[in-house]
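Note that ligands are numbered from 1 as they come in the structure, with each ligand's atoms numbered from 1 the same way. As the structure is a prediction and not an experimental result, all values here were calculated from the model.
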Amino acid sequence: MTASSSLELVQVRDVTLQYKTPDHLVTATYKVSCTVEQGDRYVILGPSGCGKSTLLKAVGGFIKPVGGTIVVNGREVREPGPDRMMVFQEFEQLMPWKTVLQNVMFPMQATGKYWKSETRERALAAIDKVNLTKFKDVYPHMLSGGMKMRVAIARAMALEPDVLLMDEPFAALDALTRRKMQEELLALWDQLRFTVLFVTHSIEEAIVVGSRILILSPHPGRVRAELEAGDLSYADLDSPAFGALAKRIHTLLFEAPAPGTSSEGARPLAAAS
Ligand SMILES: Nc1ncnc2c1ncn2[C@@H]1O[C@H](COP(=O)(O)OP(=O)(O)OP(=O)(O)O)[C@@H](O)[C@H]1O
């Protein structure tokens, strides 16, 4: 393994991912490379079927590359682990019969790694970080969507993962709720500066949520480009910078690469500011 800068948390190198079905071999991604740095809000964006979820699952250790490597914090990914926590869509993984505190304690108990008192202490600290101490003894149905998301994040963060993996977490929500959740996620990131790998197929969501955006081509997914998104928010929606970045992404997603240029050859582009 080559030495890596401490900032480089997730290194995806030439990763090809495939599914074998009885009749077909489906190539989900082809030789994808990218680097996620500590504190990145790294968005994977691309059309339906381009392999975004598959790539995220591979970082999670649930799918093994047929080519290339994925290294997280210096260790090659070979299986799932508590250093990469998946936060699922709509946060339905919260158990309705457990309180907030019990929900946050559960994955730590499941690892069997912690003493009982330590589990409780770590859970309380994680709940405090996401500002839910007052709600530690209530059940999930008594919480708003944003609060449930914070519980799901606290639950993941209690295990001190290197990276949070979020697969279209807001896709099923109405526009207003989706926006609120994005804002909650960003507020939490502002406070805690975790590293998050976030999959979406919404250009607007990618720009608002992401600090960097990896754009994949249609099936099979190859890298079209990586863009710096900076800190554009909904307040900038009508700004030239937001419009220019959205247009650039749109072009990259929907226009075929110029003849003679390969997708993998796409160079990182500068911020549209
Ligand atoms: N379990 C599976 N078995 C076979 N093929 C699969 C499986 N899961 C996904 N695929 C195929 O792999 C390709 C990539 O799928 P993936 O779900 O990663 O795409 P995606 O970009 O996340 O799509 P979407 O935005 O629609 O969720 C698609 O062609 C899909 O049909």
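- At a heavy-atom distance under 4.0 Å, no atom of Pro220 approaches ligand 1.
- Enclosure of atom CG in Asp231 is not indicated, since only 12 or fewer non-hydrogen atoms of other residues, nucleotides or ligands lie within 6.0 angstrom.
- Taking 4.0 Å as the cut-off, Glu168 counts as a neighbour of ligand 1 on heavy-atom distance.
- Taking distance alone, with nitrogen or oxygen atoms compared against 3.5 Å, Val26 stays at or beyond that limit from ligand 1.
- Between Pro47 and Pro218 the shortest heavy-atom distance is CG-CA, 3.7 Å.
- If you check which protein heavy atom lies closest to atom 16 (P) of ligand 1, you get Thr54 OG1, 3.5 Å.
- Closest protein heavy atom to atom 23 (O) of ligand 1: Gly49 N, 2.8 Å.
- No more than 12 heavy atoms of other residues, nucleotides or ligands sit less than 6.0 Å from atom NZ of Lys64.
- Using a 4.5 Å cut-off on side-chain heavy atoms (C-beta onward), Arg193 and Gln38 make no contact.
- Ligand 1 has no N or O atom lying under 3.5 Å from any N or O atom of Thr21, backbone or side chain.
- Minimum interatomic distance between Arg155 and Pro107 (heavy atoms only, all atoms of both residues): CG-CG, 3.5 Å.
- In this structure, the protein non-hydrogen atom closest to atom 17 (O) of ligand 1 is Ser53 CB, 3.9 Å.
- At a distance under 4.0 Å, no protein heavy atom can be found next to atom 30 (C) of ligand 1.
- Looking from atom 19 (O) of ligand 1 to the surrounding protein, the closest heavy atom is Gly51 N, 3.2 Å.
- Residue-ligand proximity: Pro47 is placed with a non-hydrogen atom under 4.0 Å from ligand 1.
- With a 4.0 Å heavy-atom cut-off, ligand 1 is reached by the side chain of His201 but not by its N, CA, C or O.
- Counted within 6.0 Å of CZ on Arg120, heavy atoms from surrounding residues, nucleotides or ligands total 12 or fewer; the atom is thus considered open.
- Side-chain polar atoms of Thr119 and Gln109 form no donor-acceptor pair below 3.5 angstrom.
- Backbone and side-chain nitrogen or oxygen atoms of Ala28 are examined, and none is located within less than 3.5 angstrom of a nitrogen or oxygen of ligand 1.
- The closest protein non-hydrogen atom to atom 25 (O) of ligand 1 is Lys52 NZ, 2.8 Å.
- Looking only at heavy atoms of the protein, atom 4 (C) of ligand 1 is closest to Tyr19 CB, 3.4 Å.
- For the pair Arg179 and Tyr234, the cation sits on the ring face: its NZ or CZ lies under 6.0 Å from the ring centre, inside 45° of the axis.
- With hydrogens left out, the protein atom closest to atom 26 (O) of ligand 1 is Ser48 OG, 2.5 Å, a heavy atom.
- Looking at every heavy atom in both residues, Pro220 comes nearest to Thr27 through CB-O, 3.2 Å.
- By the 4.5 Å heavy-atom criterion applied to side chains, Lys129 and Leu192 are counted as neighbours.
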